[in-house]
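Scroll down for the structure; my scribbles are underneath it.
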Amino acid sequence: MPCEPVRIAKYPSKGGKITRIIGIVLIVAGVILIILCVPLWAWLSLIGAALMIVGLLLLRK
């Protein structure tokens, strides 16, 4: 019983320099919007949760 050949997925090319620049600009704009729109209490709660996790990891070792 012969095996079928493995098909390799072909992805589109990465595009030109303009496409990369547009992508980077969109990513930066998204990060800025998230930073500006998320309220301070949410950032503080994320920092607090991160500190607790780091503390737990240090105690486990």
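Source: prediction; values computed, not measured.
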Co-members of [X] in a cluster of I, L, V, M, F, W and Y side chains, linked at under 4.5 Å:
X	result
W41	none
L33	none
I21	V25

For [X], enumerate each residue passing the side-chain contact (heavy atoms from CB on, under 4.5 Å) test, keeping only those at least two apart in sequence or located in another chain.
X	result
I53	L57
L58	V54
I22	I18, L26
L40	L44

| message | Among L36, I34, I35, exactly one meets side-chain contact (heavy atoms from CB on, under 4.5 Å) together with I32. Which residue is that? | response |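 Between I32 and the candidates, side-chain contact (heavy atoms from CB on, under 4.5 Å) is satisfied uniquely by L36.
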